[in-house]
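Worksheet: the structure to be examined is printed underneath.
Naming: A, B, ... by sequence-line order, numbering from 1 per chain.
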Amino acid sequence: MQPKSRTSLALAKCPTGIRGLDEITEGGLPQGRPTLICGAASCGKTLLAMEFIVRGAREFNEPGVFMAFEETGKELADNVASLGFDLPALIRQKKVAVDHVRVERSEIEETGEFDLEGLFVRLGSAIGGIGAKRVVLDSLEALFAGLPNEAIVRAELRRLFGWLKQKGVTAIITGEQGEKTLTRHGLEEYVSDCVIFLDHRVSGQVATRRVRIVKYRGSAHGTNEYPALIDEQGLSVLPISSLGLTYPVSAAHVSSGIPRLDVMLAGKGYWKGSSILVSGTAGSGKSSIGAVFTNSVCSRGGRCLYWSSEESPDQIMRNMSSIGIDLRRHVRKGLLRFYSIRPTICGLESHLVALHKMVTEFRPEALVMDPITNLTAVGNDAEIKAMLTRVIDFLKNQNITAIFTSLTAGGAALEQSEVGVSSLMDTWLLLSMVQSASERNRVLYLLKSRGMAHSNQMREFVLSDKGIDLVDVYVGPGAVFTGAARLNQEAHDQAEAMTQHQATERRQRELNEESRNLQAQVAALQTKLANIAAEQRVAAKLEKQRADAARRTEAQLARARKAD
Amino acid sequence: MTKPNSQKPDANRWQLRLYVAGHTPKSITAMANLKKICETHLEGRYEIEVIDLLKNPKLAAGDQILAIPTLVRKLPQPVKKIIGDLSNEVRVLVGLDLRPA
């Protein structure tokens with residue numbers, strides 16, 4: 001779908017005020033032209049038409065005429081009173097006119113040429129009486145059943161639509177779905193500007209309403225089927241699948257609430273507005289991760305929505321207080337809102353619409369969906385994936401950080417998220433149970449985290465009454481130890497280290513001793529060497545004296561003989 | 001039937017109302033046809049009220065008028081409605097219960 005196109009500027013639109021519908025029609029119904037709303041019985045045609053009139057009168061100051069062929073004014077007023085629409089008051093204020101037209105075939109005998117000028121006159125009078133800008137004809141097909149001459153009815157309908165256009169009123173015509181055609185009597189051939197199809201399907205015992213714009217001449221519009229919901233505020237259409245991958249992203253981080261997990265996430269936590277999948281087997285602590293995050297968001301004063309499909313709000317709060325997390329105070333402050341619902345209550349689309357509505361109303365900065373795997377009760381993996389894609393797109397557009405928990409069935413591959421949504425997620429925390437030495441311990445890994453240098457380390461995940469803590473696991477040669485085994489192994493390692501340390505010290509001492517001994521020996525030898533040298537010097541000196549004495553004796557002998 | 005004398009003219013009295021919208025050929029034909037049928041079958045005991053919806057549009061809702069022309073038999077009861085320009089006399093008579101179908 002294109003973002004706001006030029007044609008939507010050229011074509012004047014008449015906003016319906018119905019949530020979502022104005023978004024998928026890019027502004028509303030074609031102004032001053034008729035729109036056909038078709039669908040099977042009880043698909044919400046009359047309600048949509050009535051909301052168009054009531055909201056027009058209340059929100060857009062456009063008076064409207066509701067011409068009912070099937071229900072009386074009182075029946076209509078009663079039906080919409082439950083939606084908070086006070087039809088009699090609007091009629092008294094001359095903002096709405098309701099005209100019940102009864103056509104009874106058995107009362108009518110055709111006796112010649114006729115036309116439907118009476119209808120024109122009534123409609124014209126009602127429009128003129130309150131200055132109506134909007135008109136609903138619900139449903140014109142009663143004319144086919146009530147009047148004998150179809151050729152005349154058709155000709156008159158053609159004239160009616162031309163006349164409505166001339167009047168410049170924005171009109172809604174409703175028609176019941178035919179077997180092969182959009183409406184049983186082919187009304188679509190008269191209304192060429194805008195055709196909207198409502199559908200109410202039941203699959204797997206769950207009913208889902210959907211809205212599709214079949215045609216909208218001269219305007220861009222969403223062409224998909226959009227889920228719709230009728231609740232105490234009327235009809236709402238979910239424009240979610242019209243979102244594209246164009247959302248802005250934040251450069252900010254939010255803390256996960258677990259300091260050591262933040263360290264693993266590049267030291268800062270999750271990206272703000274990212275989607276986080278927490279998957280793990282039963283009892284691995286998925287909800288706790290969600291609750292700790294919730295607590296962290298609310299403690300900073302942020303709003304958080306907690307969607308639970310498993311536990312009631314009270315049960316969640318009680319259970320989380322056992323790990324030292326007090327969620328009740330956030331609820332009291334209005335920062336935390338729980339929404340607990342069994343998935344089987346309604347269809348996936350209805351869940352989506354309900355979630356969308358709550359997020360729009362409450363404007364949280366974070367959302368926890370715990371767990372998404374329960375949705376498998378109302379849809380297959382492909383449907384859930386489609387729904388979650390829309391949830392994620394919607395949340396990302398709103399820059400809401402969301403944690404989705406996913407239960408991995410026992411025996412299934414750990415790195416397989418139950419509903420195949422891992423590729424949609426930015427960050428994936430995997431919790432697994434490690435079984436050893438008659439105990440089970442929780443281990444957390446960070447399987448992926450887009451756009452950040454995240455840790456590749458495994459951490460033991462310890463739940464205590466002080467909350468969650470991450471502990472280094474023992475990674476030894478060929479084995480990973482957690483819990484008691486980790487403690488044992490660590491003690492064992494310590495003892496071993498001690499022994500080794502002592503041995504080293506002893507050896508050190510021995511070496512020192514030996515070194516000292518050798519040094520002593522070296523000293524003794526050096527003394528000996530010195531003695532030898534001294535002795536040598538004495539001997540040399542004695543030898544010299546002896547030689548001198550000999551020379552002197554010889555000289556004395558020569559002198560005494562007086563000879564030479 | 002305690003007072004047959006006073007009741008009889010009322011019970012026999014026909015009150016007819018013809019709805020038209022302006023002086024169109026169809027409404028003129030219908031008027032002429034109606035007069036003729038009444039003179040033939042109801043001489044002296046009928047009353048015709050012609051309502052032009054262009055002048056009194058509000059009156060259309062009362063008798064649930066859609067088609068123009070519409071002839072409404074107000075009396076005798078029950079109310080009967082006939083649409084069209086009344087050119088098919090047989091049908092008019094059937095519609096007004098003046099002749100069995």
Residues of residues 21-29 of chain B within contact distance of chain A, non-hydrogen under 4.5 Å: B/A21, B/K26
- line: Assert top hit (heavy-atom pairs under 4.5 Å, partner chain A, pool B/I65, B/T70, B/I68) equals B/I68
- prompt: For A/L123, is it the side chain, the backbone, both, or neither that has a heavy atom closer than 4.5 Å to a heavy atom of chain B?
  reply: neither
message: Heavy-atom cut-off 4.5 Å, strictly under: side chain, backbone, both or neither for A/I152 against chain B?
response: neither
field: A/V121 to B/P57 - nearest heavy-atom pair and separation
entry: CG1-CB, 3.5 Å
- prompt: Do you know the tightest heavy-atom contact between A/G112 and B/S87?
  reply: CA-OG, 3.9 Å
query: Applying the side-chain contact (heavy atoms from CB on, under 4.5 Å) test to A/E113, which of B/I83, B/N88, B/D85 qualifies?
result: B/D85
field: Inter-residue atom distance A/F114.CZ - B/L66.CG, 0.5 Å rounding
entry: 10.0 Å
- request: Measure the spacing between OG1 of A/T111 and CG of B/N33 and express it to the nearest 0.5 Å.
  value: 8.0 Å
message: Quick one: does any side-chain atom of B/Q64 pair with a main-chain N or O of A/H100 as donor and acceptor, under 3.5 Å?
response: yes
